[in-house]
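Comments concern the structure below.
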Amino acid sequence: MTTVLRRDTGRFLKELRGSYGDIWRIPGSEYLSKPDFVVVDPRSGKKTRVSFVSLDDGEVVGVVYDELG
């Protein structure tokens, strides 16, 4: 189930970069069809889909995101 967060999208991605080494913007990624988070900037209305990508062993290896506009 997707969680909607209302906060500054740029700051949210910056904080993720501090915690995860690999963050990719991949607009056509299959992982974004059902994202883990949709971050909505309350000021601009800009939305960003964010999904955590993991291997079969369950270890998180990175984050994929794309801006919706």
Side-chain angles (χ1 to χ4, degrees):
M1 184 167 145
T2 301
T3 301
V4 177
L5 301 174
R6 296 194 179 277
R7 53 184 304 195
D8 182 347
T9 55
R11 184 175 177 187
F12 180 79
L13 289 171
K14 185 177 179 180
E15 290 172 358
L16 281 180
R17 283 187 180 91
S19 300
Y20 297 94
D22 295 321
I23 297 183
W24 308 286
R25 181 175 183 209
I26 308 176
S29 174
E30 63 185 69
Y31 295 107
L32 295 173
S33 62
K34 293 183 180 178
D36 294 313
F37 297 99
V38 174
V39 183
V40 180
D41 190 323
R43 293 183 192 159
S44 67
K46 177 179 162 183
K47 297 178 183 175
T48 302
R49 294 180 293 178
V50 179
S51 290
F52 293 98
V53 180
S54 62
L55 298 174
D56 291 336
D57 63 4
E59 182 181 344
V60 175
V61 296
V63 178
V64 175
Y65 77 95
D66 184 33
E67 298 167 353
L68 294 173

Roughly how far apart are Phe12 CZ and Tyr65 OH, rounded to 0.5 Å?
12.0 Å
Residues passing the salt bridge (Lys or Arg N to Asp or Glu O under 4.0 Å) test with Asp66, sequence neighbours excluded, are Arg25, Arg49
Thr48 side-chain N/O to Val39 backbone N/O, donor-acceptor pair under 3.5 Å:
no
Pairs where residues 4-13 contributes a residue and the test side-chain hydrogen bond (donor to acceptor under 3.5 Å, both in side chains) is met, not counting sequence neighbours
Arg7-Glu15, Arg11-Glu15
Does any part of the side chain of Val63, heavy atoms only, come nearer than 4.5 Å to the side chain of Val50, both counted from C-beta?
yes
Side chain to side chain contact (heavy atoms under 4.5 Å, CB included) filter on Thr3, not counting sequence neighbours, yields Leu5, Phe37
Hits for side chain to side chain contact (heavy atoms under 4.5 Å, CB included) against Asp36, two or more places apart or cross-chain, chain-then-number order -> Ser51, Phe52
Starting from the C-alpha separation in whole Å, work towards a yes-or-no answer on side-chain contact (heavy atoms from CB on, under 4.5 Å) for Leu32 and Val64.
CA-CA 8 Å; Leu32 295 173; Val64 175; 3.9 Å; yes
By the rule that ILVMFWY residues connect when side-chain heavy atoms come within less than 4.5 angstrom, directly or transitively, which residues belong alongside Val4?
Val38, Val40
